[in-house]
Participant: 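One structure is given below, represented as structure tokens, and several questions about it will come after.
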Amino acid sequence: MTQQSNTDEIKKGLAGVVVDYTAISKVNPETNSLLYRGYPVQELAARCSMEEVAYLLWHGELPTQEELAAFEELERAGRALDPVVKRVIDELPTTAHPMDVCRTAASVLGARDTRAEDSSRATNLAKAADLFAAMPAVVAYDQRRRHSDSRGQDPIEPRSDLGYAANFLWMAFGEEPAPEVVRAFEVSMILYAEHSFNASTFTARVVTSTLSDLHSAVTAAIGALKGPLHGGANEAVMETFEEIGIDPSESHEDAKRRAKDWMDAALAQKKKIMGFGHRVYKHGDSRVPTMKAALDDLIAYYGRPEILGLYDGLEQSMDEAKGIKPNLDYPTGPAYHLIGFDIPTFTPLFVASRIVGWTAHVMEQLENNSLIRPLSAYNGPDERHLD
Ligand code: ACO
């Protein structure tokens, strides 16, 4: 084997490599902070709706009242499940992972979009808003069809008197959600909306850099998000909770003790624990305190102290053993469980939110495009010839 390139230059996983500018968000691992267009994400989560945050990420400024009203009208008009997408989903086995369903739906929506080949900013903004409006119906319908025994297979028609987050929960469960639940869910959506050049966003930018279309970029990004090292971790967190065992009658302290025992054994076996660690943040994920507060509200609302016990036990053991902090997927997993989503729906919820960030990056990439095409160092056989 030969090394034909300067292998000193190899940055495995592109770790530490700065590949471009972005004005959309700033992740600062030193201060554990995250800004969307200059605003701390904590402030946005506390004071803004998901619709306002989407507008901010796409346009660079928060909407005026008139702009927000116009955007809300557009979003509410695009909420119904596309009948062709419904037919395609109905053809898929109920065992299909919901991320595969989301990916397929994004692709079908692209193929049905008569503006597919128009990548002007105005058209891409319209496509992004349409996808943002459409994805909750896909996620909600797919969860319902997988539980047709208990929830009925028919999609629930959207309600135009509800905001984005409340309507999402309405379409998933067919019940008007409590304000506490809507708020916690909306906070999770805002926190998931954008995170600079993460793996799925970078995927969207790579696809866009070839001058492919917005739906192709989103479809590819969904594929990247599916993996457990990225978005799939929120599902894996809940699988860990289930493996430890969830007993709603258990006290916080008992659940915490069992979780600590589980973590100690898992770390002794050198297992990688999902929901912990981050490529960029080494001292804690900037979004976790805000999402943990939202989870605390849900735990209080549903009266489930044992969930907090499991959460605290795993977090404390990991911190003591390795000093590794939770990432955003750690509190969102149990939050989505408490709200009533089934585990395979967790990462699609991330999709519905991150569509905003992905599409903002698609538009930014096109503003100053350069084909993304790195080099590799060859380490295969030396040149050889057929006998
Ligand atoms: N559990 C146990 N050990 C861990 C974990 C973890 N979750 N995360 C990192 N480590 C350890 C590694 O074993 C490694 O130890 P070593 O040096 O003794 O071998 C060291 O910390 C560095 O870990 P890497 O995986 O090399 O760090 P990297 O920056 O490449 O990985 C990643 C970051 C992929 C997120 C990693 O922490 C991980 O796999 N976490 C679990 C998956 C997860 O939660 N992903 C969600 C990411 S955030 C998001 O998408 C919202």
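Only heavy atoms go into these numbers, but all of them, side chains included; no hydrogens, no water, no symmetry mates. The chain is numbered in sequence order, starting from 1. Read the numbers this way: they start at 1 and go in the same order the structure lists the ligands and their atoms.
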Participant: Could you tell me whether the side chains of N198 and R354 share a donor-acceptor contact shorter than 3.5 Å?
Facilitator: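 Note: N198 and R354 side chains meet the donor-acceptor criterion.
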Participant: Which residue and non-hydrogen atom of the protein lie closest to atom 27 (O) of ligand 1, and at what distance in Å?
Facilitator: K282 NZ, 4.3 Å
Participant: Side chains of D312 and Q316: donor-acceptor distance under 3.5 Å anywhere?
Facilitator: no
Participant: List ligand 1 atoms under 4.0 Å from K271, heavy atoms only on the residue side.
Facilitator: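 It comes down to these atoms of ligand 1: 2 (C).
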Participant: Of all residues at least two apart in sequence or in a different chain, which pass the side chain to side chain donor-acceptor pair (under 3.5 Å) check with T332?
Facilitator: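 T332: side chain to side chain donor-acceptor pair (under 3.5 Å) contacts with Y192.
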Participant: Considering only heavy atoms of A233, which atoms of ligand 1 have at least one such atom less than 4.0 Å away?
Facilitator: 43 (C), 44 (O), 45 (N), 46 (C)
Participant: Which residue and non-hydrogen atom of the protein lie closest to atom 28 (P) of ligand 1, and at what distance in Å?
Facilitator: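 Going by distance alone, atom 28 (P) of ligand 1 is nearest to R279 NE, 3.6 Å.
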Participant: Taking atom 39 (O) of ligand 1 as the reference point, report whether a protein heavy atom occurs under 4.0 Å from it.
Facilitator: yes
Participant: Could you work out, with ring pair (Phe, Tyr, Trp, His ring centres under 6.0 Å) as the rule, every residue matching F197, not counting sequence neighbours?
Facilitator: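 Scan of F197 (ring pair (Phe, Tyr, Trp, His ring centres under 6.0 Å), adjacent residues dropped) gives H361.
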Participant: Would you check if the distance from the ring center of Y311 to the ring center of F241 is below 6.0 Å?
Facilitator: no
Participant: What is the closest protein heavy atom to atom 1 (N) of ligand 1, and at what distance does it sit?
Facilitator: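 It is I273 N, 2.9 Å.
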Participant: Specify the protein heavy atom at minimum distance from atom 41 (C) of ligand 1: its residue, its atom name, and the distance to 0.1 Å.
Facilitator: F276 O, 3.4 Å
Participant: Can you tell me the protein heavy atom closest to atom 50 (O) of ligand 1 and the distance?
Facilitator: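 Of every protein heavy atom, H230 ND1, 3.2 Å lies nearest to atom 50 (O) of ligand 1.
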Participant: Report yes or no: does S209 contribute a side-chain atom to a donor-acceptor pair with the main-chain N or O of I372 at less than 3.5 Å?
Facilitator: yes
Participant: Is it the side chain, the backbone, both or neither of P228 that has a heavy atom closer than 4.0 Å to ligand 1?
Facilitator: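 Contact part for P228 vs ligand 1: backbone (N, CA, C, O).
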Participant: Return yes if a side-chain donor-acceptor contact under 3.5 Å exists between H252 and E250, otherwise no.
Facilitator: no
Participant: Tell me the closest heavy-atom pair linking V138 and C102, and the distance in Å.
Facilitator: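 V138 and C102 have their closest heavy atoms at CG1-CA, 4.5 Å.
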Participant: May I ask you to check whether N327 has an N/O atom sitting below 3.5 Å from an N/O atom of ligand 1?
Facilitator: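 For ligand 1, there is an N or O atom that lies under 3.5 Å from one belonging to N327.
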Participant: For the CD atom on E180, are there more than 12 heavy atoms of other groups (residues, nucleotides or ligands in this structure) within a distance under 6.0 Å?
Facilitator: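 Check passes, neighbour count above 12.
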Participant: Taking atom types as modelled, is there a side-chain donor on E243 or T240 under 3.5 Å from an acceptor on the other?
Facilitator: no
Participant: Classify the contact between L229 and ligand 1 as side chain, backbone, both or neither, using a heavy-atom distance cut-off of under 4.0 Å.
Facilitator: both
Participant: Flag atom 14 (C) of ligand 1 as yes if some protein heavy-atom distance to it falls below 4.0 Å, otherwise no.
Facilitator: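 No, there is none.
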Participant: Measuring to protein heavy atoms, does anything land under 4.0 Å from atom 6 (C) of ligand 1?
Facilitator: yes
Participant: Are a donor atom and an acceptor atom from the side chains of S49 and E186 found within less than 3.5 Å of each other?
Facilitator: no
Participant: For ligand 1, which atoms have a heavy atom of H278 less than 4.0 angstrom away?
Facilitator: 33 (C), 35 (C), 37 (O), 48 (S)
Participant: Are any non-hydrogen protein atoms located under 4.0 Å from atom 10 (N) of ligand 1?
Facilitator: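 It does; a protein heavy atom is within 4.0 Å.
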Participant: Does one side chain, of N32 or S286, offer a donor that lies under 3.5 Å from an acceptor on the other?
Facilitator: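 No donor-acceptor contact under 3.5 Å links the two side chains.
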Participant: Considering only protein heavy atoms, determine whether one is less than 4.0 Å from atom 23 (O) of ligand 1.
Facilitator: no
Participant: Just which atoms of ligand 1 are under 4.0 Å from any heavy atom in M274?
Facilitator: 41 (C), 42 (C), 44 (O)
Participant: Examine the side chains of Y336 and S188 and answer whether a donor and an acceptor come within less than 3.5 Å of each other.
Facilitator: yes
Participant: What atoms in ligand 1 come closer than 4.0 Å to a heavy atom of G275?
Facilitator: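 With G275 as reference, the close atoms of ligand 1 come out as 43 (C), 44 (O).
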Participant: How does M318 reach ligand 1, by side chain, by backbone, by both or by neither, if only non-hydrogen atoms under 4.0 Å count?
Facilitator: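 M318 to ligand 1: side-chain contact only, backbone stays beyond 4.0 Å.
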Participant: For atom 25 (O) of ligand 1, what's the nearest protein heavy atom and its distance?
Facilitator: K272 NZ, 2.7 Å
Participant: Quick check on atom 18 (O) of ligand 1 - does any protein heavy atom sit closer than 4.0 Å to it?
Facilitator: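 For atom 18 (O) of ligand 1 the answer is no, since every protein heavy atom stays at 4.0 Å or beyond.
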Participant: Just to be sure I'm reading this right: ignoring hydrogens, which of K325, K322, K270 gets closest to atom 3 (N) of ligand 1? Compare them by their nearest heavy atoms.
Facilitator: K322
Participant: Does the side chain of S317 come under 3.5 Å of the side chain of E320 through a donor N or O and an acceptor N or O?
Facilitator: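 Short answer, no.
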Participant: Tell me which part of I324 gets within contact of ligand 1: side chain, backbone, both or neither, using heavy atoms under 4.0 Å.
Facilitator: side chain
Participant: Please list, in number order, the atoms of ligand 1 under 4.0 Å from a heavy atom of D329.
Facilitator: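 It comes down to these atoms of ligand 1: 46 (C), 49 (C), 50 (O), 51 (C).
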